[in-house]
Amino acid sequence: MSQSVMFMIDGVQVEGRAGQSILEAAGEAGVYIPRLCYKEGLSPHGSCRVCTVMVNGRPMSACTSPISLGMIVENDSPRVAQLRRDLIEMLFVAGNHFCMFCEKSGDCELQALAYRFGITAPKYPYMFPKREVDASHPDIFIDRNRCILCGRCVRASKELDGKNVFQFVGRSAEKRIAVNGEALADTDAAVTDAAADACPVGAILKKGVGYVVPVGKREYDDKPIGSDIEAKRPAAGS
Amino acid sequence: MAKPKIATTSLAGCFGCHMSLLDIDERILELVELVEFDKSPVDDIKNFTGRCAIGLVEGGCCNEHNVDVLREFRRHCDILISVGDCATMGGIPALRNTVPLRECLDEAFVNGPSVHNPDGKYPDDPEIPLILDKVYPAHEVVKIDYFLPGCPPTADTLWEALVALLNDKPVELPYQLVKYD
Ligand code: SF4
Ligand code: SF4
Ligand code: FES
């Protein structure tokens, strides 16, 4: 049993275990901290900053910051929400997100976050970058128009599949996801890989299964992302 | 008291958002009790007859005519609403935004597999509005007050937003009514 660590989130005392990140400890206590590049079972990456919280008054990524005794975390406040909203809006204008025909729509974590934050349109101008699609593989395709550079595919391939199919290349605005070969078909990527299920958006998808779930029955059609975590929160006063 | 006026238009859109408005079914009878339609394809009034309380804009701007109409809507409407994904983010017409304009025109008028155009010229009749370098969401051209995304936004989304605004209430749509698809 690891040692218990008491800390505060939004004025409420929370008990975590030594070594946990703020995001994990909060989640176990039923406090949802929005996230995109974090995925349970993968090492944290700390790149999207959507999990930003104020720790003792300073912005930190909750997925990479360990809890400590007496730490004061601000999660559900207008200024933190504004930071996260801005990040989500930037991700929408930085790529080409045509949700109206995207197979991931309704199950997409980026879109679901925008819904949760009540975003109806981003305040930034759309960039409409030119991005490449790789449909060479018989069972999986990459549509970089929708890639948010979260690195979940990179980590899933390396850490869970024991392969090294995906990797980042380039820097800044040129940064993109690349594959270990001329095209995805030249790699050892398989449809059964964890990496094929790791993408939070519609940038890595399986072929032949698009639109199987009808509108109205998809993951985030009726309940906001994070509802499952919030359902674990003990009722007030109990 | 005179009924408030509503104006609607379809710019670079497919009229799907207008169809969704008609999809409010019998509530359309309630709507005409609440408002009078001014410039709109619904009643085919071509020019504004006066100040409008609400303007509904479907579609973004792909040519200079769209820009003129959008600016006219901004001048005549107290509240201007972007209706649908095309007005909000460019939508399907904006798929051309990652392709240089010359390549688009060449494909459409010179090289396309079904094109017959022996002298290889682009149509340039002065009646044809000049195409823009790319498709712009409405709010990148004029100030927009509210956004109702969706392809199209559902009839319930449009109805709830209109009823709120006509009753001077804030537009606070439930989670299920703000969707991007
Ligand atoms: S990846 Fe998500 S946000 Fe992007 S187009 Fe698809 S559904 Fe929309
Ligand atoms: S392809 Fe998907 S999982 Fe990989 S970096 Fe892009 S968004 Fe993340
Ligand atoms: S989830 Fe923490 S930085 Fe992305």
Side-chain angles (χ1 to χ4, degrees), chain A residues 88-133 143-146 201-202 210-211 213-227 230, chain B residues 13-14 16-17 20 57 60-62 80-101 103-104 132-141 143-154 156-157 161 170-181:
Chain A
I88 295 161
E89 292 183 14
M90 282 184 226
L91 289 172
F92 270 92
V93 300
N96 297 310
H97 294 277
F98 290 86
C99 297
M100 70 291 289
F101 62 76
C102 181
E103 299 94 311
K104 191 77 171 186
S105 192
D107 296 315
C108 168
E109 294 176 33
L110 173 65
Q111 185 192 61
L113 278 172
Y115 290 166
R116 183 175 168 114
F117 282 87
I119 296 169
T120 52
K123 59 181 143 316
Y124 309 107
Y126 284 94
M127 294 167 71
F128 294 114
K130 179 137 187 70
R131 301 267 186 86
E132 300 300 326
V133 174
D143 185 344
R144 295 185 182 82
N145 288 290
R146 304 164 182 160
V201 292
Y211 316 111
V213 182
V215 174
K217 297 245 185 316
R218 301 167 305 180
E219 183 77 17
Y220 305 118
D221 281 336
D222 281 323
K223 47 181 195 333
I225 189 167
S227 301
E230 284 166 334
Chain B
C14 70
C17 295
S20 198
V57 176
C61 292
C62 78
L80 203 54
I81 308 180
S82 270
V83 176
D85 288 339
C86 296
T88 304
M89 56 75 67
I92 300 296
L95 281 172
R96 81 160 158 98
N97 285 7
T98 58
V99 182
L101 182 57
E103 260 178 62
C104 292
L132 303 180
D133 62 333
K134 60 177 187 174
V135 178
Y136 292 85
H139 66 277
E140 293 186 18
V141 178
K143 179 175 189 303
I144 295 291
D145 303 298
Y146 293 96
F147 299 87
L148 300 175
C151 191
T154 64
D156 287 335
T157 305
V171 181
E172 281 163 358
L173 298 174
Y175 177 83
Q176 286 80 1
L177 292 188
V178 179
K179 292 282 140 74
Y180 302 166
D181 59 4

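Model, not experiment: these values are computed from the prediction. Residue numbers start from 1 in every chain, and the chains themselves are labelled A, B, ... in the order their sequence lines are given, proteins ahead of strands.
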Fill in: chain A contacts, top residue of B:C151, B:P174, B:P137, B:A94 (heavy-atom pairs, under 4.5 Å)
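Between B:C151, B:P174, B:P137, B:A94, the count favours B:A94.
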Sidechain-backbone polar pair: [X] side chain, [Y] backbone, donor-acceptor under 3.5 Å:
X: A:R116; Y: A:P224; answer: no
X: B:S20; Y: B:P153; answer: yes
X: A:R144; Y: A:R131; answer: no

Practice prompt. Let me know if A:K123 has heavy atoms under 4.5 Å from chain B in its side chain, its backbone, both or neither.
Written response: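 Neither the backbone nor the side chain of A:K123 comes within 4.5 Å of chain B.
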Fill in: Proximity breakdown for A:Y220 and chain B, heavy-atom pairs closer than 4.5 Å
both
Worksheet item: Taking the side chain as C-beta and beyond, is there a heavy-atom pair between B:Y146 and B:L173 under 4.5 Å?
Response: no
Measure distances from [X] to the heavy atoms of chain A and classify the residue's part below 4.5 Å as side chain, backbone, both or neither.
X: B:Y175; answer: side chain
X: B:L148; answer: neither
X: B:V171; answer: neither

Worksheet item: Between A:C102 and A:H97, is a side chain to side chain contact (heavy atoms under 4.5 Å, CB included) present by the stated rule, with each step listed?
Response: CA-CA 8 Å; A:C102 181; A:H97 294 277; over 6 Å; no
